[in-house]
Amino acid sequence: MSILDALNPPQREAAQTIAGPLLVLAGAGSGKTRVLTYRIAHLIDEVGVPPWQILAVTFTNKAAGEMRQRIANLVGDAVDAIWVGTFHSICARLLRYEAEAFGMDANFSIYDESDRRSLLRRVFEQLNISEQELAPRAVIGQISRAKNAMIDPYRFVQESGNAPGKEQIAEIYTAYEAALRQNNALDFDDLLVEVVRQFQQHEEVLAKYQQRFHYLLIDEYQDTNRPQYLLTKQLAAGHRNICCVGDDDQSIYQFRGADLRNILDFERDYPDTATVRLEQNYRSTARILEAANAVIENNRDRKGKNLWTESASGELIGLIECDTDRAEARFVVETLKRQARENNLSLRDIALLYRTNAQSRTFEEELQRAGINYAIVGGIRFYDRKEIKDLLTYLRLLINPADDVGLRRIINEPKRGIGDASVQRLQVYADQHSLSLFAALDHLDEVPNLNARAVKHLQAFRDLMHQLLAAHNELDLPTLGEEVYERSGYRQMLADERSPEAETREQNIGQLVADMAEFAADHDEPTLTTFLEEKSLMTSGDEAEENAEAVTLMTLHSAKGLEFPLVFIGGMEENLFPTSRAVDEAQENPQAIEEERRLFYVGITRAQQLLYLTYACQRYTYGSLRETEISRFAGEVPSELVDMQRIESASANHSRGRSTPRNRPAFAPSDSEIPKKKPPPQGVHYEMDADISTQQSNEFADFVDQEDFLTVDRWVMHPQWGRGQIVKREGSGSSTKLHIRFKSTVKKVMVAYAQLEPA
DNA sequence: CAGCGGTTCATTTTT
DNA sequence: TGAACCGCTG
C-alpha cells in the first residue's frame, strides 16, 4: 500500500522516478499538480527524504500555496520545511540570506514597474533626454530584455556598436543600473539575474545550496526564461535529481523572455533524462478536448502529443456572433444565468476569459446590471492601489532610507508643502555630496536656495521619518502600520476628504493593517522586510478569494492552471485575439501567431463541461465603434464540434454607444439613471466594515476576552475567508491568535484585527 | 505650491 | 473611453 496507488500508471511513474533528471510532459488537465504533490509526499513519507532537502518552484504564489496545502494534506507538518515558492520569491530570499557573502546590503528595496518608471524618469533627467524623443516604455523593454539575456551594461555598450540609437540606450542602461545600486534597489529582473551572477562568482555559496537541495521540482518549465533556466541548472548540478514539469503547448510567456527551448532541449541538457508523458485528460468533455487538439495541431513548433479522455462527448461548443461588444456581454450574462439554473452550477463554476484586461469593463457593467456577483483576477492589484502603495512606501523607507524613488513618492504625500522645486534643490545637493535624499535632509542648512518655509516643512518631514524609524524598532507589524497611517497625516487627509472614494481608501488601509496582523500571526519571525517582500512579489491572482460565490473574470493568461465547468471566451476577433501585434508580425514570420494560438489552447482546456466562444461584429476600441472580423482561431475548431449562432439585437439602438436593453422591464432603471459610480473595488476588499476596521486594537483586547464565541470548535465568520471553525487558541489579550479551519485551508489570525463574527 | 482644465495618447499578456 | 501629462492661474 503506497501513497502512489491513487495515481494512474504514467502518473505513478512520474512520481516515483526520483533519481536523476526527469521531464514530465503533462498535457492540460492530466493531473500535473497531483503528480507533483504525490511525488513530494512519496519522497518524504516513503523514501524518507528530509523535507528541507526539497525545493519546489511554481509559477505563482497562489500555486505555491495550493501545493503546500495539498502536500500538507498528505504529509502534515513536514511541509513546513520544504522550500516552495516562485523563482522570484526564492531568489529574493536567497539574496537576503546570503547578502553578506554576496557583498550586498540585505535591506534592498524591490522595485515594481512604477518604481522602475520613476527611476528611469530620473535617469532621463540626468542625461537630458526628453520622453518625447525616446519612449520610456520601449527603453524599459530593451533594458529588461538585455538583463534577461544576461547582458550587463558593460557588454551592452560593447555590443551596441553600429545599431542606430543603441548607443543612447546603452548610456541609459548604464545610468539606470547605477541608479538602482545607489538606491539599494533591485527590479524584478535583477532578483533572478543577481542570484545567477552571484552564484557564478561565489561557488562556495552555490555549493552549499547544491548540497542542500537533493530534489528539485520545477513546475511550468515551458515558461522559464534564461536566468531561471541557468539557476535551475546551477542548483541541479549537485545531486542531479531534477524534475521539470511542463507543456510546450501551454507556453504563453515568450513575450517576456520565456524560452521554449528550455523544455524542448531538456533531454539534450541532461542526456540521461527519463521522460514521462501524461496524456490522459481528466478535466474536459471529449468534444472540448477534441477542439483543443485540433486547434493546437496548427502549430509547427511543438513536441507533439495527443491528449485523450474517457469522458463523455458532452455538449457542442457554442460559437456566438453578436452585433456589438455590449450585446456580447449581454449574451454571456443571460447564458450564464440560464446555464447556472439548468445545470445547477454555482457562480464559482463560471469563468469569463478574454485577451486583454480592457475587455472586462463591458462584462462588469452587464454583470452589475444583472446583479450577479463577480470577482476580477488581474487588473489592479490591491497592493498597487495608490493609498496602499503610499503606505507601503513609508514602510519600505524604514528599511531602506537610501530609496530615493520611494522617498520622492511620499515626501509630499499627504501634502505637506514640499513642492517639486524644493525636492529638486535637495536632489542637487544630494547628488553633489553623493548622498541619498534622506541623508541630505540632515544638512538642510547647507542646501542652497531653500527658503525658510521649505526648510521648515522638510524638517518636519525628517522628524516624522525619524519618529517612525524609532517606532519600527518597538512596535509589532500591525501597530506600526497604524502608526504610519496616523503620524504621516494620511488618516487625517482621508478623513477630511469626506468622499465615498476616501472611505473606500480608508477601508483598504484597514485591510492592509489586517493583512499585517495576519502576517504577524502566521509567521514565527514576522519582520517588516519579509512582509514587504511577500507583498511586492504578489500578483493580483494571488489575492483572489476562492470561497466567494462569484463569477470569475480574468485574462487568458491568468487562467492558466485553473479549471471551470462553464467557460466563456470573449472577443474572438482578429486583431484582438490574436492581437494586432501578432497579426502584423505574422506577415513576416508565421510563427508569431503560435503563442496566441497556445493561449487559445490554454483557454479551451480550462473548460470542463461547457464552452462558449463569442465575438462581436463591432467593438468599442479607443472610444469609438470599429468593425471587426471573426478570429481565425474560431475557424480552427472543427465545425462538427460547434453550434454556431447569431444573436440579433432587437433594434439598432446601440449606435448611441451605451445601448438600452431591448425589453427593458418597466421598473428597471435605464443606463442614464444608474448612478455612474465606479465599480466596486476589485476582489474582496469592499466588504469590510469601516467601523470595525478603524477600531483600536486595545479596545479589542477587552472585547476579545469578553467574547465567548471565540473558543475552540466554535464557528466564526471571517470577512475574507468566510465561515470557519476555530481549531486552536494561542496567547491572550490583544495578542490572541486563533487557528481557524476554512473550507480549503487552515489560517492563523490575530483576533484583535481579524474582525471575526459569530457564525 | 496646489488645483484645475485641456490635451494627448494608448491596449497585449505579468513574475 | 480613460488615464496621464502639461501648463496655466489663484
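Here the structure is a predicted model, which is why all the values come from computation and not from measurement. Just so it is clear: chains get the letters A, B, ... in the order the sequence lines come, proteins before strands, and each one is counted from 1.
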Open item on the list: Going by side-chain hydrogen bond (donor to acceptor under 3.5 Å, both in side chains), name the residues that satisfy it together with R416(A), two or more places apart in sequence or in a different chain.
Closed with: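 Here the qualifying residues are Y394(A).
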
Task: For S109(A), side-chain hydrogen bond (donor to acceptor under 3.5 Å, both in side chains) partners two or more places apart - done: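 Partners of S109(A) under the side-chain hydrogen bond (donor to acceptor under 3.5 Å, both in side chains) test: N400(A), D403(A).
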
Using a cut-off of 4.0 Å on non-hydrogen atoms, how would the nucleic acid contact of [X] be classed: base, sugar-phosphate, or nothing?
X: A421(A); result: sugar-phosphate
X: G419(A); result: sugar-phosphate
X: N225(A); result: nothing
X: S580(A); result: nothing

- [ ] Considering only NZ, NE, NH1 and NH2 on the basic side and carboxylate oxygens on the acidic side, decide whether R122(A) and E125(A) come within less than 4.0 Å.
- [x]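 Counted as a salt bridge, because a side-chain N and a carboxylate O are separated by less than 4.0 Å.
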
TODO: Using the ring of F108(A) (Phe, Tyr or Trp, six-membered ring only), decide whether R96(A) places NZ or CZ under 6.0 Å from its centre and within 45 degrees of its axis.
DONE: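 Positive - R96(A) is close enough to the ring of F108(A) and near enough to its axis.
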
Open item on the list: Counting only side-chain nitrogens and oxygens, does R121(A) get under 4.0 Å of the OP1 or OP2 atom of dC5(C)?
Closed with: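 So the side chain of R121(A) is within the cut-off, an N or O lying under 4.0 Å from OP1 or OP2 of dC5(C).
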
- [ ] Give a yes/no on whether any side-chain N or O of N412(A) is located under 4.0 angstrom from OP1 or OP2 of dA2(B).
- [x]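 True: N412(A) side-chain N/O within range (under 4.0 Å) of dA2(B) OP1/OP2.
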
Rounding to a whole Å, what distance do you find between [X]:[atom1] and [N]:[atom2]?
X: L556(A); N: dT11(B); atom1: CG; atom2: C1'; answer: 15 Å
X: N451(A); N: dC1(B); atom1: CG; atom2: C1'; answer: 11 Å
X: R385(A); N: dA3(C); atom1: CZ; atom2: P; answer: 14 Å

Open item on the list: For Y253(A) and F59(A), take the angle between the two ring planes, folded into 0 to 90°, and tell me which bin it lands in: parallel under 30, tilted 30 to 60, perpendicular over 60.
Closed with: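 If you compare the ring of Y253(A) with that of F59(A), the planes turn out tilted.
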
- [ ] Taking Watson-Crick and G-U wobble pairs with both distances under 3.5 Å, convert DNA chain C into its dot-bracket string, 5' to 3', dots for unpaired and | for cross-strand pairs.
- [x] ||||||||||

Open item on the list: If we count only N and O atoms by modelled type, under 3.5 Å, do the side chains of Y209(A) and E98(A) hold a donor and an acceptor together?
Closed with: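 On atom types as modelled, these side chains qualify, holding a pair under 3.5 Å.
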
TODO: Scan side-chain atoms only and decide if E366(A) and Q368(A) contain a donor-acceptor pair under the 3.5 Å cut-off.
DONE: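 Looking only at side-chain atoms, Q368(A) and E366(A) do not form any donor-acceptor pair under 3.5 Å.
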
- [ ] Would you mind telling me which residue lines up with the more 5' stretch of DNA chain B, T579(A) or G417(A), judged by nearest nucleotide?
- [x]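 Nearest nucleotide further toward 5': that of G417(A).
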
Task: Side chains of D190(A) and L95(A) in contact at under 4.5 Å (non-hydrogen atoms) - done: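 No - every pair of side-chain heavy atoms lies 4.5 Å or more apart.
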
Each nucleotide N or O in nucleotides 4-9 of chain B that has a protein N or O under 3.5 Å away: list the pair and distance.
none

TODO: With sequence neighbours excluded, tell me which residues meet side chain to side chain contact (heavy atoms under 4.5 Å, CB included) with R261(A).
DONE: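 Residues passing side chain to side chain contact (heavy atoms under 4.5 Å, CB included) with R261(A): D259(A), D265(A).
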
Table of protein N/O atoms under 3.5 Å from nucleotides 13-15 of chain B N/O atoms:
residue: dT13(B); atom: OP1; partner: N357(A); partner atom: N; Å: 2.6
residue: dT13(B); atom: OP1; partner: N357(A); partner atom: ND2; Å: 3.3
residue: dT13(B); atom: O4'; partner: R355(A); partner atom: NH1; Å: 3.3
residue: dT13(B); atom: O2; partner: R355(A); partner atom: NH2; Å: 3.0
residue: dT13(B); atom: O2; partner: H557(A); partner atom: NE2; Å: 3.4
residue: dT14(B); atom: OP1; partner: T555(A); partner atom: OG1; Å: 2.9
residue: dT14(B); atom: OP1; partner: S558(A); partner atom: OG; Å: 3.0
residue: dT14(B); atom: O4'; partner: R256(A); partner atom: NH1; Å: 3.4
residue: dT14(B); atom: O2; partner: R256(A); partner atom: NH1; Å: 3.3
residue: dT15(B); atom: OP1; partner: T539(A); partner atom: OG1; Å: 3.1
residue: dT15(B); atom: O4'; partner: R256(A); partner atom: NH2; Å: 3.2
residue: dT15(B); atom: O3'; partner: H88(A); partner atom: ND1; Å: 3.3
residue: dT15(B); atom: O2; partner: H88(A); partner atom: NE2; Å: 3.1
residue: dT15(B); atom: O4; partner: E113(A); partner atom: OE2; Å: 3.4

Open item on the list: Please give the distance between the C1' atoms of dC6(C) and dT11(B) as a whole number of Å.
Closed with: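 Pairwise C1' distance, dC6(C) against dT11(B), rounds to 23 Å.
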
